[in-house]
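Only one structure is covered here, and it is reproduced in the block below.
None of these values were measured; they are calculated from a predicted model. All ligand and atom numbering here is 1-based and tracks the order in the structure.
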Amino acid sequence: MDFRKKLIAGNWKMNGTGEMLDEVRELLDAHPKPKYDILICPPATLLAAMSSLTAERSILTGGQDCHHEQAGAHTGDISGQMLADAGASFVILGHSERRADHGETDDNVNVKARAAIAAGLKVVICVGETLAEREAANTLEIIAGQLAGSVPDLATGANLVVAYEPVWAIGTGKVATLEQIGEVHDFIRMQLEKRLGAGVGRSTRLLYGGSVKAGNAAEIFGVSNVDGALVGGASLKAADFSPIINALDAAS
Ligand code: PGA
């Protein structure tokens, strides 16, 4: 399978209470029959409500993290099975904020990914270098290590998405250059092909994330091996997110 359906994912992070579902209603109206996969990952508290709003319609929902077990004595945690039960079809794993705030390692992400896939979810595994790592010219080495550690062997083009999110570009307004994005995305594709085989490598969708907005989305979508975006701040309002979705048309 060579074909990759474009994917625009919104990561609401720790933002959003019930009234923000209005933004989703607005998006549903604006994109009744999208050619692309549109995914929103709200806080877990909104997942079931959002999923019932979007069920059978044009927006997919996902979690922002999950535990590596499906159930048990883990106060405060949420399992892949629970996310699926609340209507999620995806889960973001290994976001740099989780790696930084909760000390998540590649091994943690790997076991979570296996549990999520076992629960029937698709995983969006995040990788990305810090500014210090980029300045030390270690970017590709860091990305290779994160991919090798975080992506489980059972990943396929149908259950894996990789998001390249340079840590220094997240929420900062700084966007990687098109050249930097292209270099890393080509590299990720190559690594996946080498490790998981050409079929899996070629069919896995690769997203760019880090200060994506309406004004820069189209040019980013024009970069080779960019199959969409993982959007934080600009996914919170339909008025900001919708033009990013439309920018895929310009790039296709
Ligand atoms: P940002 O966040 O778009 O606000 O930079 C991206 C992300 O963290 O996924």
Side-chain angles (χ1 to χ4, degrees), residues 6-16 20 23 27 36-44 46-47 50 59-66 83 88 90-104 109 112-113 116 121-131 133-134 139 142-143 146-147 150 160-178 180-181 184-185 188 205-221 223 226-248 251:
K6 305 275 191 219
L7 168 64
I8 289 283
N11 173 10
W12 281 14
K13 308 189 179 183
M14 199 173 71
N15 297 294
M20 268 189 56
E23 300 296 331
L27 282 174
Y36 320 109
D37 283 341
I38 304 174
L39 166 68
I40 299 182
C41 299
L46 287 183
L47 190 53
M50 191 183 290
I59 295 180
L60 304 164
T61 60
Q64 299 175 8
D65 175 51
C66 72
L83 294 176
F90 282 81
V91 61
I92 298 169
L93 293 173
H95 189 282
S96 62
E97 287 154 14
R98 294 217 49 97
R99 291 179 189 259
D101 294 355
H102 299 273
E104 283 189 12
V109 178
K112 287 175 181 217
L121 298 172
K122 298 174 172 57
V123 296
V124 179
I125 294 182
C126 302
V127 297
E129 81 286 2
T130 61
L131 188 58
E133 288 161 349
R134 177 159 283 276
T139 298
I142 294 294
I143 302 293
Q146 290 175 336
L147 284 174
S150 305
L160 173 69
V161 174
V162 174
Y164 168 53
E165 298 205 304
V167 178
W168 49 273
I170 295 178
T172 58
K174 288 188 196 138
V175 191
T177 65
L178 301 183
Q180 289 169 333
I181 296 172
V184 176
H185 278 241
I188 293 173
R205 291 178 286 184
L206 308 184
L207 309 182
Y208 170 76
S211 299
V212 175
K213 305 185 190 57
N216 59 24
E219 60 181 16
I220 292 170
F221 296 150
V223 175
V226 172
D227 303 307
L230 179 54
V231 184
S235 72
L236 295 171
K237 294 217 167 315
D240 296 328
F241 199 41
S242 200
I244 298 177
I245 299 167
N246 291 334
L248 275 174

Q | Identified side chain to side chain donor-acceptor pair (under 3.5 Å) partner of Glu104 from the options Lys112, His95, Arg99 | A |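 With Glu104 as partner, side chain to side chain donor-acceptor pair (under 3.5 Å) holds for just one option, Lys112.
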* **First-shell residues of ligand 1 [heavy atom, distance under 4.0 Å]** =>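 Only Asn11, Lys13, His95, Glu165, Ala169, Ile170, Gly171, Gly210, Ser211, Leu230, Val231, Gly232, Gly233 have heavy atoms that fall under 4.0 Å of ligand 1, ordered by chain and number.
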Q: Test side chain to side chain contact (heavy atoms under 4.5 Å, CB included) on Phe221 and Ile8 and set out the steps.
A: CA-CA 10 Å; Phe221 296 150; Ile8 289 283; 3.5 Å; yes
Has Glu129 got a side-chain atom pairing as donor or acceptor with Pro166's backbone, closer than 3.5 angstrom?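 Not at all, since once roles are kept as given, no pair shorter than 3.5 Å links the two residues.
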Checklist entry - Are the side chain of Asn11 and the backbone N or O of Gly232 linked by a donor-acceptor pair below 3.5 Å? => result no
Sorted by chain and number, sequence neighbours left out, side-chain hydrogen bond (donor to acceptor under 3.5 Å, both in side chains) with Arg205 holds for Asp37
Q. Hey, what's the ring geometry for Tyr164 with His185, parallel, tilted or perpendicular (30° and 60° as the breaks)?
A. perpendicular
